[in-house]
Number of protein chains: 4
Amino acid sequence: MSETEAHIPLFYTDLAMEAAENLGTGGEGIPGVRMELEDCQIDGGTVKITRVFIEDENGAKALGKPVGTYVTAESASMKQNDIHAHEGIIKVLVDLLAGLEPLKNAKSILIVGLGNRYITPDALGPRVVSKALVTRYFEGEPAEDLKSGKLRYVCAVAPGVLGTTGIETGEIIKGITQHVKPDVVIAVDALAARSAARVNTTVQFTDTGLSPGSGMGTGRTALNVETLGVPVIAIGVPTVVDAATLVNDTLDLMLDDMIAATDEGSDFYNTLKDLGDTEKYGLIKRILDPYVGAMFVTPKDVDTVIDRLSNIIANALNIALHPGIGKEDINRYMY
Amino acid sequence: MSETEAHIPLFYTDLAMEAAENLGTGGEGIPGVRMELEDCQIDGGTVKITRVFIEDENGAKALGKPVGTYVTAESASMKQNDIHAHEGIIKVLVDLLAGLEPLKNAKSILIVGLGNRYITPDALGPRVVSKALVTRYFEGEPAEDLKSGKLRYVCAVAPGVLGTTGIETGEIIKGITQHVKPDVVIAVDALAARSAARVNTTVQFTDTGLSPGSGMGTGRTALNVETLGVPVIAIGVPTVVDAATLVNDTLDLMLDDMIAATDEGSDFYNTLKDLGDTEKYGLIKRILDPYVGAMFVTPKDVDTVIDRLSNIIANALNIALHPGIGKEDINRYMY
Amino acid sequence: MSETEAHIPLFYTDLAMEAAENLGTGGEGIPGVRMELEDCQIDGGTVKITRVFIEDENGAKALGKPVGTYVTAESASMKQNDIHAHEGIIKVLVDLLAGLEPLKNAKSILIVGLGNRYITPDALGPRVVSKALVTRYFEGEPAEDLKSGKLRYVCAVAPGVLGTTGIETGEIIKGITQHVKPDVVIAVDALAARSAARVNTTVQFTDTGLSPGSGMGTGRTALNVETLGVPVIAIGVPTVVDAATLVNDTLDLMLDDMIAATDEGSDFYNTLKDLGDTEKYGLIKRILDPYVGAMFVTPKDVDTVIDRLSNIIANALNIALHPGIGKEDINRYMY
Amino acid sequence: MSETEAHIPLFYTDLAMEAAENLGTGGEGIPGVRMELEDCQIDGGTVKITRVFIEDENGAKALGKPVGTYVTAESASMKQNDIHAHEGIIKVLVDLLAGLEPLKNAKSILIVGLGNRYITPDALGPRVVSKALVTRYFEGEPAEDLKSGKLRYVCAVAPGVLGTTGIETGEIIKGITQHVKPDVVIAVDALAARSAARVNTTVQFTDTGLSPGSGMGTGRTALNVETLGVPVIAIGVPTVVDAATLVNDTLDLMLDDMIAATDEGSDFYNTLKDLGDTEKYGLIKRILDPYVGAMFVTPKDVDTVIDRLSNIIANALNIALHPGIGKEDINRYMY
């Protein structure tokens with residue numbers, strides 16, 4: 001975890017909406033940041049949409065994310081075995097994808113599945129790639145659909161991670177992009193979230209690509225228009241929360257709870273407050289690490305859950321990327 | 001998790017040594033309980049052996065476990081990719097198995113792999129079964145080794161769990177035992193531990209079989225001499241800790257740490273003390289459940305880790321059960 | 001393969017329709033055997049239905065199968081990645097299942113997945129079981145659907161094979177049946193076909209259960225009303241053809257072809273004819289075995305194909321067994 | 001298969017030794033071709049080594065392979081569950097690898113696993129990569145072994161196939177090679193063999209890289225010093241034989257057998273001879289294709305067999321590439 005400590009700032013989150021929340025105002029009144037909330041009703045619940053617009057450098061500095069648009073869709077049903085709800089979620093994601101500027105006139109797309117296929121919570125990207133409808137190599141009759149525009153030119157790779165390949169992922173992608181020359185790159189990755197409640201329940205789309213050190217793994221290189229020369233849409237789902245964060249959050253909730261109940265413990269609470277977040281988190285980490293080491297909080301059935309999430313995202317991509325594939329084709333490309 | 005709450009007592013642990021520790025005396029001076037500690041040096045570290053002898057009903061009541069012998073072997077190397085250390089651990093486990101009374105004169109053995117093969121941390125049992133050397137059906141030439149005693153009659157099943165079969169596992173095993181009539185049953189299962197530090201680092205052997213509600217899953221039926229009519233050796237590894245336990249333990253460690261550092265917070269500490277363990281744990285659970293739901297603490301690479309553990313246990317069984325297979329054959333039966 | 005030779009008669013087939021064809025008359029005019037053919041149009045092709053009624057002992061002796069009804073559905077789309085066609089096939093299978101006498105009034109069903117989950121072409125049964133909707137253990141609210149009859153009591157096991165468990169599968173099933181007391185058992189198994197063209201393209205339903213030596217593996221015990229005490233429906237798909245059969249058939253086709261083209265080679269043809277099937281097949285096996293050993297003919301992508309077939313069969317079962325689940329729910333239970 | 005017919009010449013083989021055999025002289029007296037045979041005794045049998053030296057353009061034209069050295073090691077034990085024999089085979093392969101010129105002074109190596117990880121017989125390359133010891137990214141203490149020369153700089157990728165990525169594999173590799181600048185590339189691939197007896201029993205090493213259309217898949221681009229700018233060592237194992245080849249070979253063996261037995265059938269034999277290989281093979285294909293389509297001959301347990309082969313090759317590479325890893329470390333890097 002020393003690596004993580006090195007690379008990931010305190011309470012790092014890849015979710016712009018969490019970065020805004022963490023400023024304590026629930027994201028209200030941050031200069032250079034605009035937020036929109038929306039609820040979409042689906043069969044079996046609600047999908048909560050949050051749009052974060054980082055409009056200038058002030059906003060970028062405040063949230064520690066590049067200027068751009070960040071859209072999250074949240075629903076606890078994502079991780080559950082409820083295909084009715086999944087169909088509703090897929091339809092919502094299709095509309096969100098269709099709204100992303102760089103995709104609108106793109107004729108050819110490269111999908112990149114980041115992460116380690118041999119570590120389940122990190123395998124989201126490779127699994128989405130394995131379910132994506134790849135059309136670029138089509139020849140003969142099927143190629144007609146490419147010419148007619150029913151299908152877009154889609155190719156997809158899951159290059160593996162530095163630890164298993166010995167090569168910087170960013171460099172591999174750069175090489176492939178230079179050769180394939182897509183109009184846009186879509187990078188799918190497992191993310192790190194601030195809140196355990198968002199693990200496996202939240203999808204984020206952004207038109208800013210991936211920044212260094214983002215993603216569940218550490219030290220991933222930047223994938224964005226600067227490094228690749230084409231716009232990069234990043235799609236991510238937080239799949240783990242580190243144990244220290246969980247303890248820290250529970251402790252805060254607990255203290256609030258107890259303060260409410262009694263006026264005891266206020267000294268302790270103040271002590272903690274005086275410590276400040278950094279010290280408090282540091283203390284927890286210092287205590288936890290020898291005790292559990294690099295532990296993460298995941299559901300027992302993470303393997304099944306990651307499969308569901310990759311089905312949802314791959315279906316949304318297959319429908320959103322190919323005009324000839326409609327929402328009635330949901331689940332058609334699951335195999 | 002309501003199920004779990006229902007089935008699993010507060011701070012439930014399947015490890016007798018933890019049950020003893022939880023009595024606060026580090027297991028010292030519990031009437032009817034005797035403990036022996038031993039360190040075995042291996043290439044790459046130490047294996048910590050703890051023997052808990054529950055000698056009478058007083059001991060049984062105190063630890064909440066049946067009268068019998070419980071042996072644990074602990075080593076952090078178990079979960080790491082260190083085959084040198086694994087070979088040392090396997091040799092230690094072989095000796096521990098050889099010391100178990102019911103195995104000494106057993107001619108035929110039924111290995112039962114409990115747990116759900118589709119939920120990684122619960123898949124230990126089925127994976128061990130898939131690597132066990134099964135000899136009972138041997139015919140022709142290989143059968144000579146059975147007659148000569150070089151091999152013992154071993155069969156193995158992984159019957160699945162109630163949730164996937166719709167049938168009580170205990171009943172399936174009972175039916176098979178009545179037919180196969182083994183001299184002893186060895187039940188391999190994923191366990192629940194009290195301490196996150198013991199997750200995937202501790203193996204427990206016991207001659208008392210499995211009690212109801214033990215194991216990582218909930219509501220598993222008893223597998224013991226009373227229910228099956230033959231002695232049952234249980235082999236288990238704790239593979240998960242629930243999030244509430246982790247928070248609770250960290251909180252305690254943290255408070256100790258802060259008390260030591262300052263005299264602040266003592267009121268709070270006393271408040272918590274007054275609460276008592278049950279209330280405190282209840283409070284944490286009440287706060288955590290809406291927040292994370294049924295979360296468990298596991299390493300990111302749980303899939304690989306469970307593979308390592310099943311290799312270790314299967315190798316130890318293959319060597320300990322078959323006189324004709326020696327320690328030099330370690331890793332021979334991994335395929 | 002010596003085992004296979006021992007257990008499987010010359011040109012053994014598990015498909016009653018092939019047994020009839022092999023009599024050379026295309027199944028016409030066999031005493032005690034009645035056949036009905038039907039074509040069902042589906043989106044993307046035709047499903048060919050063949051019903052073989054073995055009406056008495058004469059028919060049984062002629063086809064080497066017990067008296068009873070055998071229904072096969074054939075479609076090359078089964079093995080292809082064509083979910084449109086699969087949906088049509090599933091609907092056809094649902095109707096065929098609904099027509100099977102023993103299922104009509106059954107309230108509780110035990111599904112048995114035979115075969116070795118670690119050998120892909122033999123894994124059909126275990127994979128179907130893993131996708132079957134198991135309801136027998138339902139408690140609380142969902143149990144209402146059982147009482148109301150919306151769901152039937154379904155449980156499912158994949159006990160493994162003799163080679164991996166060391167226990168006769170039949171004995172395990174007998175023990176479970178005695179405990180569960182289902183109204184009917186459904187046994188799903190990979191079969192051996194006579195014709196390579198039927199590999200992974202044909203499903204057979206029969207109300208006679210499984211006879212000894214049937215199935216892709218060898219020496220499987222009988223699962224039928226005599227051995228289990230309840231009616232047994234067998235569902236099977238041929239997933240392999242042995243190399244010698246393929247060579248033999250091609251040789252026959254080839255010679256016909258050449259005879260047609262020229263009058264040369266007739267001596268050779270007659271020589272072969274004089275040899276008779278048994279000698280000819282024996283000659284081929286004698287030549288092939290040292291050359292390739294136990295080789296089977298399967299498609300390269302057998303893993304994907306077996307997944308498709310298990311999806312099709314599991315979906316058909318989930319719909320046919322539960323009145324509350326309709327054809328509109330196709331693919332709902334794939335996860 | 002039309003694709004295959006298009007790409008693969010009649011009786012195509014990737015094995016130089018088979019190409020030589022096919023000339024009918026058993027490889028004797030082919031201008032520009034020199035062959036050496038050697039038997040290595042191992043625990044549990046013999047490994048048959050065949051060295052084919054294509055010394056000039058005459059030899060290259062005769063065998064349809066580029067000038068260079070081709071070494072094959074054959075042993076039926078490779079595909080069996082016999083780790084004793086595997087250890088012997090690994091040691092033999094280590095010595096063969098050490099003898100390859102381009103590896104002798106290479107400091108950095110790129111291992112490329114070709115093939116489709118989702119089609120078992122084509123998954124050899126990706127599985128070897130997943131077991132290769134990758135060192136290039138090492139930092140801190142382990143990096144010392146790189147500086148000291150105990151370890152060489154090794155990186156490894158499995159880029160997927162055109163059908164799943166939509167990108168020519170050759171172009172991906174070219175891009176990576178330009179970035180990584182290894183001294184040598186090692187390409188591991190599943191091959192097509194002429195003889196079913198060599199399926200999963202033969203490893204070929206060559207210093208000529210891969211030619212277009214080689215490998216089990218079709219239309220793979222060339223990977224050699226011309227296309228990549230560095231020497232390419234190709235390691236391959238034939239994992240399938242197409243059904244038509246099997247029939248053709250059996251037919252030939254059969255006829256010989258019958259000619260020997262009787263003088264009947266000679267007309268037919270001559271007819272076939274007059275047909276010539278091309279027509280005969282064409283006839284068989286014409287008859288087989290409508291009958292079985294794209295069928296391949298593989299063992300039932302191909303999944304396990306490919307795992308064994310990838311273990312053998314990955315272990316041989318790990319030992320041969322890293323001076324600090326000795327033969328006593330066999331099986332150390334299986335995880």
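Labels below follow one simple rule: chain letters A, B, ... track the order of the sequence lines, proteins then strands, and each chain is numbered from 1.
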Chain C contact via Y118(B) - side chain, backbone, both or neither, heavy atoms under 4.5 Å: side chain
Which of G166(C), G175(C), G160(C) touches chain B most, by non-hydrogen pairs under 4.5 Å: G166(C)
T165(C), part contacting chain B, at a heavy-atom distance under 4.5 Å: both
For I167(B) against C155(C), the heavy-atom pair lying closest together: CG1-CB, 3.7 Å
Proximity breakdown for L110(C) and chain B, heavy-atom pairs closer than 4.5 Å: side chain
Close side-chain approach of K174(C) to H179(B), heavy-atom, < 4.5 Å: no
Beyond-backbone contact of V157(C) with I172(B), side-chain heavy atoms, under 4.5 angstrom: yes
Spacing of CD belonging to E171(C) relative to CD belonging to Q178(B), to within rounding of 0.5 Å: 12.5 Å
